[in-house]
Amino acid sequence: MTVGEDDRTGTGTAATGDTAPVAADPKRPRKVRKQRPWWQELPILVVVALVMALGIKTFFVQAFSIPSGSMQNTLQVGDRVLVDKLTPWFGAKPQRGQVVVFRDPGGWLDDQPAREGGATQNVVTRVLAFVGLMPSTDEQDLIKRVIAVGGDTVTCESGKPVEVNGQALDEPYIYPGATPCDDLPVGTVTVPKDHLWVMGDHRDASRDSRAHVEEPGGGFVPLDDVIGRAFVVAWPLPRWSSLPVPATFDRP
């Protein structure tokens with residue numbers, strides 16, 4: 001089949017490279033893209049920053065504020081901690097000795113007073129907390145140390161150290177003057193699968209798993225309620241420090 005004249009319409013010699021490219025006219029002014037004024041760029045930058053902050057809070061790291069002394073002296077009232085929310089996406093589970101933030105399993109915070117503030121302050125705080133730039137003031141979250149995981153047996157008796165699977169824990173992180181179990185002894189409990197047994201470092205001032213053994217749920221925290229592991233104290237700056245797992249939990 002031969003190609004007709006009409007089939008070559010529009011191809012021209014320029015498409016075959018037979019004609020040299022036309023040089024630009026040096027006298028012809030170039031079009032310069034007009035830059036937007038800063039007041040037009042600023043809203044775009046703010047929106048991008050907020051979207052990035054929201055994504056980081058949702059999938060990577062979130063800040064939480066410490067409202068009480070139940071974790072002293074590891075954490076002080078007003079400390080800001082950063083919580084790892086990324087590794088659970090890859091199947092990581094809380095381990096013994098870690099400090100974790102978790103949602104109220106049910107009734108643990110019923111006796112906690114609501115925080116108050118001015119209307120404007122509350123609105124600003126809620127917006128900043130929503131995108132992760134400030135800790136939330138109204139979420140029903142708690143922070144404690146994981147003492148035992150699913151399948152473990154915990155013994156907590158007056159006058160004795162806490163035992164996990166028959167091994168006594170050496171707990172130098174306990175608040176000075178506090179006792180491991182004297183204020184709320186519970187005897188021996190076995191942690192159900194996919195649950196945690198948690199306790200505060202200031203045992204005499206912590207309503208932790210021990211305080212809820214007679215309630216629905218038995219004082220155990222479901223893994224589904226865990227938000228993530230607190231891995232660093234980020235604020236105030238003089239208190240900046242990591243939150244490692246104590247050596248006593250390294251034993252089998």
Side-chain angles (χ1 to χ4, degrees), residues 64-81 83 94-115 135 137 139-149 152-191 195-221 225-227 229-231 233 236 239 241-249 251:
F64 286 85
S65 178
I66 306 304
S68 73
S70 68
M71 282 295 293
Q72 290 177 322
N73 276 334
T74 304
L75 301 173
Q76 302 292 345
V77 177
D79 282 355
R80 303 298 200 266
V81 298
V83 173
Q95 302 296 315
R96 303 180 194 93
Q98 293 179 348
V99 177
V100 297
V101 172
F102 56 96
R103 289 178 287 273
D104 186 353
W108 287 37
L109 290 175
D110 286 349
D111 56 349
Q112 298 296 319
R115 302 181 202 178
T137 58
E139 291 181 358
Q140 299 295 290
D141 303 322
L142 301 98
I143 185 166
K144 304 291 181 188
R145 188 180 298 277
V146 178
I147 299 299
V149 298
D152 288 343
T153 298
V154 181
T155 300
C156 183
E157 297 179 346
S158 180
K160 297 180 180 180
V162 176
E163 293 184 3
V164 177
N165 299 329
Q167 297 286 336
L169 297 181
D170 177 21
E171 300 185 283
Y173 46 80
I174 290 181
Y175 185 78
T179 57
C181 282
D182 287 12
D183 59 314
L184 285 173
V186 296
T188 300
V189 297
T190 299
V191 185
H195 286 72
L196 305 173
W197 178 269
V198 298
M199 300 173 74
D201 289 356
H202 192 170
R203 298 287 159 80
D204 299 345
S206 175
R207 288 185 56 79
D208 46 45
S209 289
R210 300 168 298 158
H212 303 281
V213 291
E214 301 298 332
E215 300 172 6
F220 305 110
V221 178
D225 287 340
V226 177
I227 296 171
R229 175 191 178 185
F231 64 95
V233 179
R239 282 191 43 76
S241 61
S242 61
L243 296 170
V245 173
T248 189
F249 292 96
R251 295 177 299 174

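Positions are given from 1, in the same order as the sequence printed here.
- Here the side chains of Ser70 and Asp208 are not in contact, with every heavy-atom distance at 4.5 Å or above.
- Heavy atoms only, all atoms of each residue included: Pro94 and Val146 are closest at CB-CG2, 4.3 Å.
- A side chain to side chain contact (heavy atoms under 4.5 Å, CB included) with Phe64 holds for exactly one of Asp141, Ile143, Leu75; it is Asp141.
- Between Arg145 and Asp201 a salt bridge is recorded (basic side-chain N to carboxylate O distance below 4.0 Å).
- Leu196 places none of its side-chain heavy atoms less than 4.5 Å from the side chain of Lys144.
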- Message: Using the rule given for side-chain contact (heavy atoms from CB on, under 4.5 Å), can you reason through Arg203 versus Arg210, listing the C-alpha separation, both sets of side-chain angles and the distance that settles it, and then say yes or no?
- Response: CA-CA 10 Å; Arg203 298 287 159 80; Arg210 300 168 298 158; 4.0 Å; yes
- Message: Pair Val149, Gln95 - check side-chain contact (heavy atoms from CB on, under 4.5 Å), show working.
- Response: CA-CA 7 Å; Val149 298; Gln95 302 296 315; 5.6 Å; no
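- When all heavy atoms of Pro105 and Asp225 are compared, the closest pair comes out as CA-OD2, 3.7 Å.
- In terms of heavy atoms, Asn73 sits closest to Pro176 at ND2-CD, 3.6 Å.
- In terms of modelled atom types and a separation under 3.5 Å, the side chain of Thr248 and the main chain of Asp170 share a donor-acceptor contact.
- Aromatic ring orientation, Phe102 versus Trp108: perpendicular (interplanar angle above 60°, classes split at 30° and 60°).
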- Item | Test side-chain contact (heavy atoms from CB on, under 4.5 Å) applied to Ser68 and His202, step by step | CA-CA 10 Å; Ser68 73; His202 192 170; over 6 Å; no
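- With Asp79 contributing its side chain and Ile66 its backbone, the two residues share no donor-acceptor pair below 3.5 Å.
- For the pair Ile147 and Phe249, the minimum side-chain heavy-atom distance is below 4.5 Å.
- Note that the CD1 atom of Ile174 and the CE atom of Met199 stand 7.0 Å from one another [nearest 0.5 Å].
- At a threshold of 4.5 Å between non-hydrogen side-chain atoms, the residues Lys160 and Pro185 do not count as touching.
- Residues Leu142 and Asp104 form a side-chain contact, since some pair of their non-hydrogen atoms from C-beta on lies under 4.5 Å apart.
- Residues Val233 and Ser241 are in side-chain contact: their nearest non-hydrogen atoms beyond the backbone lie under 4.5 Å apart.
- Expressed to the nearest 0.5 Å, how far CD of Glu163 lies from SG of Cys181 amounts to 9.5 Å.
- Taking both residues in full, the closest heavy atoms of Asp204 and Gly177 are given as OD2-O, 4.2 Å, listed atom of the first, atom of the second, then distance.
- Between His195 and Phe220, the two ring planes are perpendicular [angle over 60°; tilted spans 30° to 60°].
- The two residues Ala168 and Pro161 come nearest to each other via the heavy atoms CB-CG, 3.9 Å.
- In this structure, the side chains of Val99 and Tyr173 stay at 4.5 Å or more apart for every pair of heavy atoms.
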- Task: Go through the steps to decide whether Thr153 and Asn165 satisfy the test side-chain contact (heavy atoms from CB on, under 4.5 Å), and finish with yes or no.
- Result: CA-CA 5 Å; Thr153 298; Asn165 299 329; 4.1 Å; yes
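- To the nearest 0.5 Å, atom OG1 of residue Thr188 and atom CD of residue Glu157 are 5.5 Å apart.
- Val191 approaches Ala148 most closely through the heavy-atom pair CG2-CB, 3.9 Å.
- Proximity of His212 to Arg207: side-chain heavy atoms (C-beta onward) are separated by under 4.5 Å at one or more points.
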